[in-house]
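Okay, so here's the structure we're looking at.
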Amino acid sequence: MAANTIELNRRRHNFEGVESIWLFGYGSLIYKVDFPFLEQRPASIDGWVRRFWQGSHDHRGTPEAPGRVVTLIRKSGAVCKGMAYRVSPAVFEHLDHREKNGYLRLSVRLTFDDGSQSDGLVYIATEDNEAFLGAAADVDIARQIARAVGPSGPNSEYLFRLADSLRRLGDHCSHTFAIESCLQSIGKNDI
Ligand code: SIN
């Protein structure tokens with residue numbers, strides 16, 4: 001799949017006559033809300049886990065030294081917690097550009113914290129995208145994050161802000177927290 005997903009995403013959904021739609025955020029969309037929304041509610045989706053398995057060439061790294069950002073991987077029985085935003089479809093113009101490095105908009109069933117549900121969309125970087133990096137040991141992911149810097153800033157800032165947001169949401173994401181603690185113990189000489 002092409003590295004730039006803007007055109008693919010534009011063709012994926014027909015928003016004609018749709019006034020608003022729920023968007024589920026599980027990574028930077030939780031803490032960097034640079035888009036207008038009509039409503040915001042903590043929510044979760046079933047059957048997916050958050051993983052730092054996606055390369056970032058355009059935000060938190062460069063093509064020569066990509067950073068690592070999160071995507072979702074299917075896992076039966078898993079629950080991924082995040083933040084849902086009810087947005088106007090016009091917002092996807094901006095978000096498709098922001099998430100263009102491999103992320104596709106997929107349909108998903110959201111469960112809000114009060115147990116009610118709704119259909120929505122989520123950006124997921126699937127394993128067939130060119131920037132997908134896949135699994136690695138926590139310490140190796142942390143070392144790569146410690147080194148990487150891109151136009152949106154240091155990759156470490158992405159991880160630390162996400163970890164803080166997840167704690168505020170009451171989510172215990174053992175993958176994110178394990179990499180956070182590796183990153184905290186990495187000295188400058190270790191990277
Ligand atoms: C998301 O936050 O929902 C997508 C991944 C990211 O932008 O970090």
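What you are looking at is a predicted structure, and each value in this text was computed from that prediction instead of being measured. In listed order, ligands and their atoms are each counted from 1. Values below: all heavy atoms of this structure, side chains included; hydrogens, waters and symmetry mates excluded. The chain is numbered in sequence order, starting from 1.
For an aromatic pair to be called close, the ring centres must be under 6.0 Å apart, and W22 with F112 satisfies this.
Salt-bridge check for K81 with D113: passed, with a basic side-chain N closer than 4.0 Å to an acidic carboxylate O.
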Pairs under 3.5 Å, nitrogen or oxygen of ligand 1 with protein nitrogen or oxygen:
from     : atom 1 : to   : atom 2 : distance (Å)
ligand 1 : 2 (O)  : G27  : N      : 2.8
ligand 1 : 2 (O)  : S28  : N      : 3.1
ligand 1 : 2 (O)  : L29  : N      : 2.9
ligand 1 : 3 (O)  : Y26  : N      : 3.0
ligand 1 : 7 (O)  : S28  : OG     : 2.8
ligand 1 : 7 (O)  : E99  : OE1    : 2.9
ligand 1 : 7 (O)  : E99  : OE2    : 2.9
ligand 1 : 8 (O)  : S28  : N      : 2.8
ligand 1 : 8 (O)  : S28  : OG     : 3.1
ligand 1 : 8 (O)  : Y158 : OH     : 2.6

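Residues forming a side-chain hydrogen bond (donor to acceptor under 3.5 Å, both in side chains) with D140 (at least two apart in sequence, or on another chain): R143. Under the rule for a side-chain hydrogen bond (donor to acceptor under 3.5 Å, both in side chains), the partners of D58 that lie at least two apart in sequence or sit in another chain are K100. Here S165 pairs with nothing under the side-chain hydrogen bond (donor to acceptor under 3.5 Å, both in side chains) rule; sequence neighbours left out.
A pairwise comparison of heavy atoms in M83 and I30 identifies N-CG1, 4.2 Å as the closest pair.
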